Amino acid sequence: MSNRVRKAVFPVAGLGTRLLPATKAVAKEMLTIVDRPLIQYAVDEAREAGIEQMIFVTGRGKTSLVDYFDVAFELETSMRSAGKSLDALEPSRTRFGELVTVRQQQPLGLGHAVWCAREIVGDEPFAVLLPDELMLGRPGCLAQLVEAYEMVGGNVVAALEVPPDQTHKYGVIDPGATDGRLTEIRGMVEKPSPGTAPSNLMLPGRYILQPEVMRQLDSQETGAGGEIQLTDAMARLIGEQPFHAYKFEGARHDCGSAAGFVIANLAIALERDDIAPKVREYLAGR
Ligand code: UTP
């Protein structure tokens with residue numbers, strides 16, 4: 001058994017109903033932020049953090065994600081014979097065996113999606129990344145979590161402050177002792193009723209977890225919204241294993257919502273030297 005975090009689970013089987021009608025025919029994770037699909041940003045973040053195996057939990061209509069990371073023989077051959085550079089394709093290449101997929105036949109909740117990967121994860125710590133949450137930081141969010149994990153071990157999840165009137169939308173932690181960016185977690189609750197949240201620290205979708213969380217998910221217990229919730233399974237491990245939140249240093253964009261998606265496009269465009277001047281000029285004229 002390895003204590004190093006080598007595997008990452010990407011739950012990508014959700015329906016993406018907040019971005020309909022686009023997501024009727026295009027997987028949410030394939031929508032582009034500037035010129036890269038969302039899933040590329042999450043995979044890049046995982047690679048930067050030293051992840052060696054990407055496990056996609058897919059569902060119906062999500063095959064394009066797997067194709068995207070495959071070799072595009074015709075495209076590459078045509079580009080080569082036209083003398084065009086293949087550099088732009090580099091991030092979408094995977095090493096043999098780097099990408100593994102498993103199917104969640106019904107979207108029964110995030111906890112259920114993670115549980116579908118239990119045999120592939122096996123008996124070692126693993127990361128979970130929700131690709132529709134675009135986390136921009138230097139180093140990336142998962143690399144920050146891995147660094148914290150190497151100090152405290154156990155389970156380490158990213159946390160972010162949100163305005164108190166927003167906590168009912170998220171998984172929220174009950175914080176204990178704090179040391180810099182690390183906070184012990186005493187409890188967690190998924191989508192607390194307004195006014196009942198134990199803090200304004202929400203879970204933005206980056207986790208390092210011990211394999212025992214899979215045993216908690218075996219019970220298939222449903223929680224908020226009638227879904228099998230990852231937050232509930234994690235909460236049951238508190239007290240049995242070390243559990244810390246790490247206040248991520250950087251920006252988060254919820255690309256599963258239309259406003260978050262547009263803002264993420266602007267944020268990335270404004271960081272790109274080749275695009276920023278035109279975008280700035282447009283915005284200045286509004
Ligand atoms: P969301 O609730 O944000 O995603 O789930 P969704 O269901 O795709 O979107 P909406 O709310 O209908 O617009 C968070 C993450 O968990 C995955 C989603 O793909 C997303 O990455 N998920 C959720 C699953 O893989 N399976 C599920 O059963 C539920």
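Keep in mind that this is a model prediction, so the values were computed, not measured. Hydrogens, waters and symmetry mates play no part in the numbers below; they use all other heavy atoms, side chains included. In listed order, ligands and their atoms are each counted from 1.
Residues I263 and Y170 are members of separate hydrophobic clusters, defined by side-chain heavy-atom contacts under 4.5 angstrom among Ile, Leu, Val, Met, Phe, Trp and Tyr. Hydrophobic cluster membership is shared by M214 and I55, with clusters built from Ile, Leu, Val, Met, Phe, Trp and Tyr side chains linked at under 4.5 angstrom.
Comment: R47 does not engage E90 in a salt bridge, judged by the lack of any side-chain N to carboxylate O separation of less than 4.0 angstrom. The pair D254-R18 meets the salt-bridge criterion, since a charged nitrogen lies less than 4.0 angstrom from a carboxylate oxygen. The pair E133-R206 does not count as a salt bridge, with every side-chain nitrogen at least 4.0 angstrom from each carboxylate oxygen. The existence of a salt bridge linking R236 and E221 is confirmed by a sub-4.0 Å separation between a basic side-chain nitrogen and an acidic carboxylate oxygen. Ion pair E52/R95 not flagged as a salt bridge, since none of the NZ, NE, NH1 or NH2 atoms sits closer than 4.0 Å to an Asp/Glu carboxylate oxygen. The pair K247-E161 counts as a salt bridge, with a side-chain nitrogen and a carboxylate oxygen less than 4.0 angstrom apart.
Of all atoms in ligand 1, numbered sequentially from 1 with element shown, those under 4.0 Å from a heavy atom of L15 are 6 (P), 7 (O), 8 (O).
When hydrogens are left out, the protein atom nearest atom 28 (O) of ligand 1 is G109 N, 2.7 Å; that is the closest non-hydrogen contact. With respect to atom 17 (C) of ligand 1, the closest heavy atom belonging to the protein is P11 O, 3.6 Å. In terms of protein heavy-atom proximity, atom 25 (O) of ligand 1 is closest to A13 N, 2.9 Å. The closest protein non-hydrogen atom to atom 3 (O) of ligand 1 is R18 NH2, 3.0 Å. Among all non-hydrogen protein atoms, the one lying nearest atom 16 (O) of ligand 1 is L110 CD1, 3.6 Å. Of the protein's non-hydrogen atoms, the one nearest atom 24 (C) of ligand 1 is G14 N, 3.4 Å. Scanning the protein for heavy atoms near atom 12 (O) of ligand 1, the closest one is T17 OG1, 2.5 Å.
With a heavy-atom cut-off of 4.0 Å, A113 touches ligand 1 through its side chain alone. At a heavy-atom distance under 4.0 Å, only backbone atoms of L108 (N, CA, C or O) approach ligand 1. At a heavy-atom distance under 4.0 Å, only side-chain atoms of E29, from C-beta outward, approach ligand 1. The proximity of Q104 to ligand 1, defined as any non-hydrogen pair under 4.0 Å, is limited to the side chain.
Residue contacts with ligand 1 leave out E133, since none of its heavy atoms falls under 4.0 Å from the ligand. The shortest separation from a heavy atom of V57 to ligand 1 is not under 4.0 Å, leaving the residue out of contact. At least one heavy atom of K28 sits closer than 4.0 Å to an atom of ligand 1.
In terms of modelled atom types and a separation under 3.5 Å, the side chain of Q144 and the main chain of P139 share a donor-acceptor contact.
Comparing heavy-atom distances from atom 20 (C) of ligand 1 across D132, I39, L130, T23 singles out D132 as nearest.
In this structure, CG on N155 lies 8.5 Å from CD1 on I185, to the nearest 0.5 angstrom.
The N/O atoms of L19, backbone and side chain alike, include none that comes under 3.5 Å of an N/O atom in ligand 1.
Y246 and E147 form no side-chain donor-acceptor contact under 3.5 Å, judged by distance and modelled atom types alone.
There is a protein heavy atom closer than 4.0 angstrom to atom 7 (O) of ligand 1.
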